[in-house]
Structure formats: C-alpha cells, structure tokens
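Below you'll find the structure, written out as structure tokens, and then a few comments.
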Protein chains: 2
Amino acid sequence: MQTSHQDVRGGSSASLFVDLYEMTMLHAYRECGMNGVAAFDLFVRTLPPERNFLIACGVNCLLDQLENLAFSDRDIGYLSTLGLFPQEFLENLRSFRFTGDIFALEEGTPFFANEPILEVIAPIGEAQIIETLVLNQVGLQTLLASKAARVVEAAKGRPVVDFGGRRAQGLDAAIKGARAFFIAGISATSNLEAGRQYGIPVVGTMAHSFIEACATEIEAFSSFATVFPTTTLLVDTYDTLEGVSRVVDLARELGPDCKIHGIRLDSGDLVSLSQQARSILDGAGLHHLQIFVSGGLNESEISRLLAADVPIDAFGVGTDMSVSMDLPAFDIAYKIVEYEGVGRMKFSPRKRTLPGRKQVFRHYAGGMAESDVIARLDSRQSEGTALLKPVMLGGHRLGPSPPISDIKNRTSRMLSELPRALRTVAPAMTPYPVIIDEELQDYEREIAARVATL
Amino acid sequence: MQTSHQDVRGGSSASLFVDLYEMTMLHAYRECGMNGVAAFDLFVRTLPPERNFLIACGVNCLLDQLENLAFSDRDIGYLSTLGLFPQEFLENLRSFRFTGDIFALEEGTPFFANEPILEVIAPIGEAQIIETLVLNQVGLQTLLASKAARVVEAAKGRPVVDFGGRRAQGLDAAIKGARAFFIAGISATSNLEAGRQYGIPVVGTMAHSFIEACATEIEAFSSFATVFPTTTLLVDTYDTLEGVSRVVDLARELGPDCKIHGIRLDSGDLVSLSQQARSILDGAGLHHLQIFVSGGLNESEISRLLAADVPIDAFGVGTDMSVSMDLPAFDIAYKIVEYEGVGRMKFSPRKRTLPGRKQVFRHYAGGMAESDVIARLDSRQSEGTALLKPVMLGGHRLGPSPPISDIKNRTSRMLSELPRALRTVAPAMTPYPVIIDEELQDYEREIAARVATL
C-alpha cells in the first residue's frame, strides 16, 4: 500500500529524483578525494525563436525542495538493490544534506540566453546530485511562465484563467504550472490543489455533462443558478444562440433576484457567436452579463479574436498554455563553470559554456531596460542592477518564499520595464542586447587555452 | 513546513486534483437530487496526423489513485475557505469514496479515434469529480507511451534508454513517463525514482562535469573506471576522437583487467564520429566496446542515423521523447455518454460524442489485427475480441497491477499484431479501419433526434 499511497499523492521522493549517473559520480568524487567546491550555472543556451524573452520561475519551490533533501531508508534500500554502491557510501547518504549557496534571479525576472537563472556553489558531489531536480523544476515553471506571459499580453488586460490541468503533462506540471501562470499574469486557475497549495484564486463554471444529464437545458441552467446564483452558464451544449436565449429566459424569470454573472462559449466561431450573444443579451437589457470564452485558445487565437473587436470579457485557456504547445521544451542546461576556483568549460560543438562565476547587470534608461551585461563575478563592471542575488547560504534559504501576489506584482513591473518591442506575440524585430563583458571573454579565452593543453 | 514537505515529495493530493466546476457540480447534483448512475467515456476525438495509432497506458496507476481517493481535513479546510459550499456538503465529503465500475483497455493496447480507453460507470457526482484526474493521468502516459513506441520502432531492435527526466514537464511526467516508455519498449531509464517506484532497470554513464572537474580527461576516465570498472566513458568533452584514443590508452593500460563497457558520443556529427570511433576502437582490438549515442535524438534522427548504417549499439533519448515534442498534447476527452440508462450527447461543433455504453471489438486474420468495430455494449455484434474489460467494480480493483514486465511483453505482442504499414515513423498511407457499428449509428441518430426536441 505504501507504493499505492505514494502514487495517489502524485508522490515521488525528490531526493531520488536523480539520474543514476549523478549518484555514481557522487560516489566517484568521494573515492577520488574530490571534495572541492564547484559552481554550476543553470541557463538557456539560445533564446528560442518563439520567445522574445523568458521569465525565471520556480526557484522558491526548488529552495524548499533543497532544504528538505534527505535520503530515506526506503531510498537507500532501493539503491542497495542496484549492487553498484558499497555499504559505506550508502550509510553516508543517511546524513547527506545540501549545504551549498545559491544565487538566483528573483522569480519573475525576464532573462535571455546565456544569463544564469541561478548559480549553485557547493561541494561538487552536492552540486552534481541536484542536477536533474534543478533542471526539471526550474525548467518547468520557467517554460510555463514564459508561455503564459504571451497569452496575458495577447489578452490586453482582459482576465485570463487557467483551465489546463486536465491536459498538462502530469500532476506536478498542472499544479506548479498554475503557480507559474499566476506569477506571469493569469488571474485564476480552475485547479483546486493549485489553489490550496499556492493561494491562487480558483474559478469554475459548469460542464456540458451537467446540462446533458438534466432533462432539458433550461432546467439545467435553472437548477445550477439556484445552487450557485452568481454562476457563469455554459451555452454551447446544443445550439449556442438558443442557449443564450434560455439564459435570457431564466434571467427574466428570476427578475431583480438574478445574479447570474455571465455565459461561457466553448466551441464554434467565437467571433460571430460572441457578437450575436452580446446582441441577444443587450437586447434583453442584460448588459452586465459577461461573455467568457474557452476552447482551443492560445496567444495567436486571442490576438485574432481581439483584432476582430469581439465583445469578450475574459478568456479560459487550457491545453496550449499548459504544455507550452509551440515550445514544449527548451535548451536549458546545468553546467559546471568552476571547480576549486578555476573556470571550467567543454568544447562539445554548440555546447560551449561561459566559465567561472558570473553576475548579470541590467542597464536601465528612463526606467526601461535597455541592455544586459554578463560579467565575471569579481568584474570591474559594476554599473547597472545586479540581477543574481543570494537566496540560500549553507543550505539554508535566506528567507521564506515571498507571498505569491508579491512575486506576481514584481513580475508585472519587470515586464513593464522591458522594451515594448519585446512584449509582443510576434517575434521581435530586434533582439534585446545582451553583452558578454570583455573580461569574461578574456577569461573564456584563457580557460579555453588552458583546457586545450589537457 | 507541511507545505514545504509536500513540495519536496513532488506532492499533491490527488483528491483535490479537481477543477472547481467538478466540485460545484457535485454539490449541484446533490442539491438537485441527481444521484443516478452515469457512464463517462475517455477517448481521443481524432487520431493526430503525427500518429498511426495510440497506446493505452496509465490505467493501473489511475486505479490505485481512485481506490485511495479521500478528502483530508486539510482538503476540506481549504474548500471551506472558498465560501461556496455549505457545511453539510463539506462534512459529507469526509466519507466520499469512489464506488464506481471501470471498464478499460488493457495497458499497452493500441487504439484509435473514438474508441473508449475506459468507461466509468458511477453515481454521476463521483464520475464527474474524477474528470480532471482521469484526463491528466491516463492522458499523460498514453501520450508518452505512444511517442516512445515510435522511437523504439526507429531503433530497429537496438536498445533505447530514457534520459529525459531533466527536461520532462515536472516530476510526475518524468516518473510516470519512464513507466510509459518502458511499457512501450524502452530498455531502461536513468531516473532512480522511476526505477524504485516501478522496478524499471536503471542505467547511467558519466557527465561532462566529472571530466571537466578532473585535472585531465585521461585522469577522469581512469578514476571513474577504477570505481566503476564496467562504465561507459563519455568522450566528447574536448575532442571526441582524442577522447576515443584516450579510452584506447586506458584499455591498453588496464590490459586483460579492462572491463570498460563502451563509449558515449553526445554531440557533433554522430554518423562520421561513430564510424571513426568504431574504426579507432577496432584498430586497437577493442571490438567488444559498445558505442552509445545521445544528444537531441528522436525517432526521425534515429532513422536517419540507421539509414546511414552507423555502428551504433544503443541510443539515449531525452527531451524530444519526454515531452512528446511533435505532439505535446492531444484531443483527449472525458464525456458523459449515458445517464440513468439513456444515451447523452452534445451538439457542439466538432465535439460530437457517441452516446451510450460501448464495446470495442478487434478483428484478426492470421493473427494480425485488420479492423476494429465500435458497438453498443448490448450489441448483437459479438465477433472479434472485446477490448474493454472490467478492471474495477464498486470502487475496488479486480486485481493488483500486473508486473510491469508482463505489461511490457503484452504491449510488444499487441504491437506486433498491428498491420506492418502502421508501425512506421512516417504517416501510414492507409488508416486502420475503425467501423462504427450500425446499431450504434442508429442509436446516435435516435438520441440526436431526442436531444433536438429538448
């Protein structure tokens, strides 16, 4: 039952969310006496053509996971079955804790290619063993926040709600996705677990199945509005415009007691249906009833609808946002950049890594970001705002996660400081300037020359 | 700390993995006295052009979740904060259990558009509240198994291992994905948690970081092979062919004690590098060293490599398979088809649902599947093999989950019974015939006519 119960809770031990090679390397580092401090950078190698910027997200969740990382008896019992590790190594795992430092972009910070989202400074085995967890978890929320910002941009101030839990790739993606969406500007989620865990507002209307199970559509509307007077009624089960007329009938019947919030369209030609529905509602004096649309929406479709000047008050967005359909993964990497104070790099084609510890400086003019500089940590470069900040020292986070509304507000402010040309659904004509500081370029050449002699 | 610890365990309550509207409908059904039995079908509306078939996967995991579904004090405490539900409803949730029946395709069964992956028969509120969980969980593993089968097909018998946990969309996708990949024919995973939870073989080599942290590449190889004599050495950190030569040097030094399993190439032109590497190894008499490749692989790239007749022994596949890159979501739906013995359907454009309970019959000739018939449950149609089987009655599963190796073997057999023309990476010229039985078509017309009068 232990396994079953784990499954029910969507559950997995983050401590064993490790690729086998990280565990074998941990053992090999110890056997080789390599206990020095390493620096690893998490970054995206190239900005995908589908994105004008990315949004750092998920670091606070990762810090919780790292603070609580520990191998249970069950974990160690499993590892012993592999026949790869001596008993002494397995016993030592019992006292394993992550004791490193982490410097990171604040959640919600827009960033670009090659800029570290975070730097991990820790004994090399510790920095190595968290590799898969860091990539997966910060990658997920960064991917999804970056997608949602586009949907929010397209909606031009109209509320967008997350309906995607059912199509997200698993429970973790749905729940942490709702968090990332909210941070990126979404108003609410339909997912109760995300609401509970992160304090995100939850919303919902009704499903076609409720209407189909009732004897008639009008009975379904009437029953539901009796139980939930401020509901939004779903009108496209049989004939959308007849459905709207039935909402009008119900509103007339309820008279001044009518508190119905609005209607939802979930299929068909949303341009003409929303216009005709608005016309029917207005004709009945129901100007205050909102029109909410859903069904296959994404940033392009929302842009198309709004370009047609549709009377739509809010959008429900699911699948496309939840799996980041146009960009379901990106080239996020977690790479060693320094060991025992010396920069490290590899020469694998198209996989070069900037060596050494770094800082990212954002330069502003008139309150607007105009360029970033990636520099060595101890660089003379000191103008601009340093974006990488300490968030964990010695394995302890420097403070609790900020309230999610604060993260959301800061994200909104940081997005508003990006050049307007980047905040578009279409690809930006001119990329945002990211400069590799000369000292860092010199250092890269120096390390490359050193490595070439190995 | 409760929340943090939950997070660490990748953790989420499956019972609150519910869209708000399912909870409000559960309440409304009760308030309206609608306690009748409903049937809901899980199915894919159209076979995506990227897939010649899909593979049912994840049902056994879902059954575990449904058997253990229960609302905790914490869940109910959260729901009460929403101010939407009366205390009596919330109190009743404490005793909520899923008590329904489920009929499903066996895991690993190839299926096509409109064929139910499973049917849920339960009091309508119970069938409704599991909607998001069913869609998300069976959808995830079905999506990923269907993708992995293509990768396995492309590899033409060479082992494929799952390296994708780092790029999967979250912990749940990575771990259940490894399960789905294994069922679909993958040999092993790098993810230890998936290995522990599902008994999947785990594999791993070494990372570039190990090599970069060591003073020299040869020292790294030598150290690692001392700790893990049967290792696979990663040769592309600096210069791939020099890396191969260093493996040869190490093998010569170790002499007859050399147990090195092989080398891994992770970048560059894998055709010419694998050929040159093979030539270097063979030239040194190391014919038994295997060549393992990874880095940006998918079914197309593997097909391209094998078409070039490369000397590659095994493939590590990550990102593309883990997010089902070419098809990150599909049009999977969970729809009411019957309530209180009467078929139900909606008329929303392109969203018609076949009403009533069903069975899928697969017809074979000479041991090969040649067509499917979707029929009414009580149909006279009785030839062929009935694919939907009872797996849960009254909320209790009919048996434990079969060993994963049995599911994998059955999957392999069922795939081998599909027409050869479907088992290709390219789109099949002729789709597999799926016939809607005439009685079911008549019933659809009958229900449509009835609904049109509502």
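The chains referred to below are lettered A, B, ... by the order of the sequence lines, with proteins before strands, and numbering in each begins at 1.
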> Can a donor-acceptor pair be found between the side chains of B:Asp172 and B:Gln137 at a distance below 3.5 Å?
Replying inline: yes
> Does the B:Arg166 side chain pair with the main chain of A:Ile332, one donor and one acceptor, at a distance under 3.5 Å?
Replying inline: no
> Checking B:Phe89 against chain A: side chain, backbone, both or neither under 4.5 Å from a heavy atom?
Replying inline: neither
> Considering only heavy atoms, which portion of B:Met25 lies under 4.5 Å from any heavy atom of chain A: side chain, backbone, both, or neither?
Replying inline: both
> Tell me, side chain or backbone of A:Arg30 under 4.5 Å from chain B's heavy atoms, or both, or neither?
Replying inline: neither
> Is it the side chain or the backbone of A:Ser322 that comes within 4.5 Å of chain B heavy atoms, both, or neither?
Replying inline: backbone
> When only pairs under 4.5 Å are counted, which of A:Ala215, A:Pro201, A:Ala213, A:Cys32 shares the most heavy-atom pairs with chain B?
Replying inline: A:Ala213
> For A:Phe228, is it the side chain, the backbone, both, or neither that has a heavy atom closer than 4.5 Å to a heavy atom of chain B?
Replying inline: side chain
> Which region of B:Ile124, side chain (C-beta onward) or backbone (N, CA, C, O), has a non-hydrogen atom less than 4.5 Å from a non-hydrogen atom of chain A, or is it both or neither?
Replying inline: side chain
> With a 4.5 angstrom heavy-atom cut-off, which part of A:Leu143 approaches chain B: side chain, backbone, both or neither?
Replying inline: side chain
> Taking B:Gln141, B:Glu242, B:Gln128, B:Glu219 one by one, which has the highest count of heavy-atom pairs under 4.5 Å against chain A?
Replying inline: B:Gln128
> What option among B:Glu131, B:Met23, B:Lys335 has the most heavy-atom pairs under 4.5 Å with chain A?
Replying inline: B:Glu131
> Which one, A:Asp266, A:Thr453, A:Val342, A:Thr319, leads in non-hydrogen pairs under 4.5 Å with chain B?
Replying inline: A:Asp266
>> With a 4.5 angstrom heavy-atom cut-off, is it the side chain or the backbone of A:Met325 that approaches chain B, or both, or neither?
In response: both
> At a heavy-atom separation under 4.5 Å, does B:Val18 approach chain A through its side chain, its backbone, both, or neither?
Replying inline: both
>> I'd like to know whether the aromatic ring centres of B:Phe210 and A:Tyr21 sit less than 6.0 Å apart in this structure.
In response: no
> Are side-chain N/O atoms of B:Gln197 and B:Glu193 paired as donor and acceptor at under 3.5 Å?
Replying inline: yes
> Of the backbone (N, CA, C, O) and the side chain (C-beta and beyond), which part of A:Phe347 lies under 4.5 Å from a heavy atom of chain B, both, or neither?
Replying inline: both
>> Evaluate A:Met34 against B:Cys214 for side chain to side chain contact (heavy atoms under 4.5 Å, CB included), listing each step before the verdict.
In response: CA-CA 8 Å; A:Met34 290 171 68; B:Cys214 288; 3.7 Å; yes
> When you check the gap from the basic side-chain N to the acidic O, do B:Arg397 and B:Asp64 get nearer than 4.0 Å?
Replying inline: yes
> What part of A:Tyr334 is in contact with chain B, defined as an atom under 4.5 angstrom from a non-hydrogen atom: side chain, backbone, both or neither?
Replying inline: neither
>> Please classify the contact between A:Glu22 and chain B as side chain, backbone, both or neither, with a heavy-atom cut-off of under 4.5 Å.
In response: side chain
> How far does CZ of A:Arg196 sit from CG of B:Leu16, to the nearest 0.5 angstrom?
Replying inline: 6.5 Å
>> So for A:Leu82, is it side chain, backbone, both, or neither that comes closer than 4.5 Å to the heavy atoms of chain B?
In response: side chain
> About how many Å separate CG of A:Leu171 and CG of B:Leu133, when rounded to the nearest 0.5 Å?
Replying inline: 6.5 Å
> Between A:Leu20, A:Thr132, A:Asp19, A:Asp75, which is the residue that forms a side-chain contact (heavy atoms from CB on, under 4.5 Å) with B:Leu192?
Replying inline: A:Leu20
> How many angstroms lie between OG in A:Ser190 and CG in A:Asp162, if you round to the nearest 0.5 Å?
Replying inline: 5.5 Å
>> Could you measure the distance from the OH atom of A:Tyr78 to the CZ atom of A:Phe71? Nearest 0.5 Å is fine.
In response: 13.0 Å
>> Checking side-chain polar atoms at under 3.5 Å, does B:Thr205 have a donor or acceptor matched by the opposite partner on B:Arg264?
In response: yes
>> Heavy-atom pairs under 4.5 Å with chain B: which of A:Ala38, A:Gly139, A:Ser223, A:Gly195 has the most?
In response: A:Gly195
>> Between B:Asn191 and B:Phe163, does the side chain to side chain contact (heavy atoms under 4.5 Å, CB included) criterion hold? Intermediate values first, please.
In response: CA-CA 8 Å; B:Asn191 190 290; B:Phe163 276 2; over 6 Å; no
>> Given heavy-atom pairs under 4.5 angstrom as the criterion, report whether the side chain, backbone, both or neither of B:Ile336 touches chain A.
In response: both
> Who among A:Thr216, A:Thr24, A:Asp236 has the most heavy-atom pairs with chain B under 4.5 Å?
Replying inline: A:Thr24
> Of the backbone (N, CA, C, O) and the side chain (C-beta and beyond), which part of A:Ile211 lies under 4.5 Å from a heavy atom of chain B, both, or neither?
Replying inline: neither
>> If we define contacts as heavy-atom pairs under 4.5 Å, which of B:Ala127, B:Gly77, B:Ala207 has the most with chain A?
In response: B:Ala207
>> Within the 3.5 Å criterion, strictly below it, is a donor on B:Glu31 or A:Thr226 matched to an acceptor on the partner's side chain?
In response: no
> What residue, out of A:Asp331, A:Thr189, A:Val337, A:Thr353, has the most heavy-atom pairs lying under 4.5 Å from chain B?
Replying inline: A:Asp331
> How far does CG of A:Leu84 sit from CG of A:Leu79, to the nearest 0.5 angstrom?
Replying inline: 9.0 Å
> If you count heavy-atom pairs under 4.5 Å between each of B:Asn136, B:Ile218, B:Leu62 and chain A, which one has the most?
Replying inline: B:Asn136
>> Shorter than 4.5 Å, heavy atoms on both sides: which option in A:Arg344, A:His27, A:Glu217, A:Glu212 has the most such pairs with chain B?
In response: A:Glu212
> Between A:Val202 and chain B, which part of the residue has a heavy atom less than 4.5 Å away: side chain, backbone, both or neither?
Replying inline: both
>> Less than 4.5 Å to any heavy atom of chain B: does that hold for the side chain of A:Asp239, its backbone, both, or neither?
In response: neither
>> I need the A:Leu144 CG to A:Met321 CE distance, nearest 0.5 Å.
In response: 8.5 Å
